[in-house]
Chemist: 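Structure provided below as structure tokens; questions to follow.
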Amino acid sequence: MYEYEEKRKRLAERLKYELNLSERVFKAILKVPRHIFVPPQYKIEAYIDTPLPIGHGQTISAPHMVAIMCDLLDLKEGEKVLEIGTGCGYHAAVVAEIVGKKGKVVTIERIPELAKTAIDNLRALGYSNVLVVIGDGSKGYEPESPYDKIYVTAAAPEIPKPLVNQLKLGGKMVIPIGNSIQWLYIVEKDEKGKISKWNWGSVRFVPLIGEYGFR
Ligand code: SAM
């Protein structure tokens, strides 16, 4: 246990230094036990900065990608955030730490077995501010909308319209777009509803499968 804590501290400090992380993202990476979210055979690698298999052909994102996306979203305490692609629940836990008990994370996963594992992981760690939904997240999740922030952890062919619609005025979304070559986009909706977007750079994600994703 102590060994995991030491490794996590070293990883968080290295990411803070290399990425110039905000203090709140640094604290969340430092706090969330990534080894709880990975399958038993990968626990030893949980604090290496790399994606790892979680079953069903899917992965837990690399810690640097989780940290970068959190900082690009400029997450704040009390915000309501939508995640598309729960996987094992790690990224949702990091965001839940940042938005705190007054905030909420709604996260959607299309593979029911992964969603169930995520629910177990998040429950075991006491994250009561995360709602895990099973379904096609390319359509967003209307019942809890609008959201202050939205992020997608799988690459889409284009920005799904329902996600833009479910973003609050003044809200922000981070989403990887592309197929063999992918780019991470930051999409902003201003107070009048005008959309602007900019390209952060090249990334590598699994595909978003769904009505507004790849078919
Ligand atoms: N958020 C995860 C973490 O904590 O590291 C990483 C998730 S993994 C890179 C991407 C996930 O998106 C996979 O679990 C995949 O099943 C899911 N996914 C793909 N298309 C989806 C869709 N339309 N709706 C919901 N989940 C989807």
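Counting convention: from 1, in listed order, for ligands and their atoms alike. Here the structure is a predicted model, which means the values were calculated and not measured.
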Chemist: Check step by step if side chain to side chain contact (heavy atoms under 4.5 Å, CB included) holds for I175 and L184.
Modeler: CA-CA 6 Å; I175 178 168; L184 191 64; 5.9 Å; no
Chemist: Look at atom 21 (C) of ligand 1 and say which protein heavy atom is nearest, naming residue and atom and giving the distance to 0.1 Å.
Modeler: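 Sorting protein heavy atoms by distance from atom 21 (C) of ligand 1 puts R110 CD, 3.4 Å first.
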Chemist: Counting from 1, what ligand 1 atoms have a heavy atom of G135 closer than 4.0 Å?
Modeler: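 Near G135, meaning under 4.0 Å from one of its heavy atoms, ligand 1 has 24 (N), 25 (C).
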Chemist: Check this for me - ligand 1, G137, N or O atoms closer than 3.5 angstrom, yes or no?
Modeler: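 Yes, there is a polar N/O contact under 3.5 Å.
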Chemist: Can you name the atoms of ligand 1, numbered from 1 with element, that are less than 4.0 Å from a heavy atom of L114?
Modeler: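 Near L114, the atoms of ligand 1 are 14 (O).
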Chemist: Touching ligand 1 at all, S138? Heavy atoms, strictly under 4.0 Å?
Modeler: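 True for this residue.
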Chemist: Should you measure from each heavy atom of H91, which atoms of ligand 1 turn up under 4.0 Å away?
Modeler: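 Listed by number with element, the hits are 1 (N), 3 (C), 4 (O).
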Chemist: Between H91 and Y151, is the ring centre distance below 6.0 Å?
Modeler: yes
Chemist: Does A93 have a non-hydrogen atom less than 4.0 Å from ligand 1?
Modeler: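 No, A93 has no heavy atoms under 4.0 Å from ligand 1.
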Chemist: Could you check atom 20 (N) of ligand 1 against the protein and tell me its nearest heavy-atom contact, residue, atom and distance included?
Modeler: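 Of the protein heavy atoms, I209 N, 3.0 Å lies nearest.
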Chemist: Evaluate V66 for polar contact with ligand 1, using N/O atom pairs at a separation under 3.5 Å.
Modeler: no
Chemist: Looking at R24, K31, E23, which one forms a side-chain contact (heavy atoms from CB on, under 4.5 Å) with K27?
Modeler: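 In the set R24, K31, E23, the residue that makes a side-chain contact (heavy atoms from CB on, under 4.5 Å) with K27 is E23.
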Chemist: What about V66 and V174, same hydrophobic cluster or not, with Ile/Leu/Val/Met/Phe/Trp/Tyr joined at side-chain heavy-atom distances under 4.5 Å?
Modeler: yes
Chemist: So, does D148 use its side chain to make a donor-acceptor pair with the main chain of K80 at under 3.5 Å?
Modeler: yes
Chemist: Among all protein non-hydrogen atoms, which one is nearest to atom 10 (C) of ligand 1, and what is the separation to 0.1 Å?
Modeler: T153 O, 3.3 Å
Chemist: Which of the numbered atoms in ligand 1 are under 4.0 angstrom from any heavy atom belonging to I108?
Modeler: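 Listed by number with element, the hits are 25 (C), 26 (N).
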Chemist: For atom 17 (C) of ligand 1, what's the nearest protein heavy-atom neighbour? Residue, atom name and distance, please.
Modeler: E109 OE1, 3.4 Å
Chemist: Under 4.0 Å from a heavy atom of T86: which atoms of ligand 1 are those, numbered in the order shown and with their elements?
Modeler: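 Listed by number with element, the hits are 1 (N), 2 (C), 4 (O).
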Chemist: Any idea which atoms of ligand 1 are less than 4.0 Å away from a heavy-atom of I111?
Modeler: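 Atoms satisfying the 4.0 Å criterion: 16 (O).
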Chemist: Look at ligand 1 and say whether A118 reaches it with a heavy atom at a distance under 4.0 Å.
Modeler: no
Chemist: Using only heavy-atom distances, determine whether the side chains of Y47 and R8 contain a donor-acceptor pair under 3.5 Å.
Modeler: yes
Chemist: For ligand 1, which atoms sit closer than 4.0 Å to a heavy atom of Y90?
Modeler: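 Heavy-atom distances to Y90 below 4.0 Å select 4 (O).
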Chemist: Does a side-chain heavy-atom distance below 4.5 Å link V25 with K16?
Modeler: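 V25 vs K16: side chains apart.
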Chemist: What protein heavy atom is closest to atom 19 (C) of ligand 1, reported as residue, atom name and distance in Å?
Modeler: P207 O, 3.6 Å
Chemist: Out of K139, Q58, E113, H56, whose heavy atom sits nearest atom 15 (C) of ligand 1?
Modeler: Q58
Chemist: Quick one: do T107 and E83 satisfy side-chain hydrogen bond (donor to acceptor under 3.5 Å, both in side chains)? Show the steps, please.
Modeler: CA-CA 4 Å; T107 177; E83 174 187 65; 2.6 Å; yes
Chemist: Return yes when E83 approaches ligand 1 closer than 4.0 angstrom through a heavy atom, no otherwise.
Modeler: yes
Chemist: For a quick test of reading the model, state the closest non-hydrogen atom pair linking S128 to K101 and the distance between them.
Modeler: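 Looking at all heavy atoms of both residues, the closest pair is OG-CE, 4.3 Å.
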Chemist: Under 4.0 Å from any heavy atom of T59, which atoms of ligand 1 are there?
Modeler: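 The atoms of ligand 1 under 4.0 Å from a heavy atom of T59 are 6 (C), 7 (C), 8 (S), 9 (C).
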Chemist: Look at atom 1 (N) of ligand 1 and find which of G85, G57, G55, G89 reaches it with the closest heavy atom.
Modeler: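 Result: the heavy atom closest to atom 1 (N) of ligand 1 is in G85.
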Chemist: Going by heavy atoms in the side chains, are L167 and P146 under 4.5 Å from each other?
Modeler: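 A side-chain contact under 4.5 Å is absent here.
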Chemist: Tell me, do L163 and V187 make a side-chain contact under 4.5 Å, heavy atoms counted?
Modeler: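 Sidechains of V187 and L163: no contact.
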Chemist: Using the rule that two of Ile, Leu, Val, Met, Phe, Trp, Tyr join whenever any of their side-chain heavy atoms come within less than 4.5 Å, decide whether I54 and V95 are in one cluster.
Modeler: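 Yes: a chain of side-chain contacts under 4.5 Å links I54 to V95.
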Chemist: If hydrophobic clusters are built by linking Ile, Leu, Val, Met, Phe, Trp and Tyr wherever their side-chain heavy atoms come under 4.5 Å apart, do I84 and I98 end up in the same one?
Modeler: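 The answer is no; the residues belong to distinct hydrophobic clusters.
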Chemist: Can you find an N or O of S61 that's nearer than 3.5 Å to an N or O of ligand 1?
Modeler: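 There is such a contact, yes.
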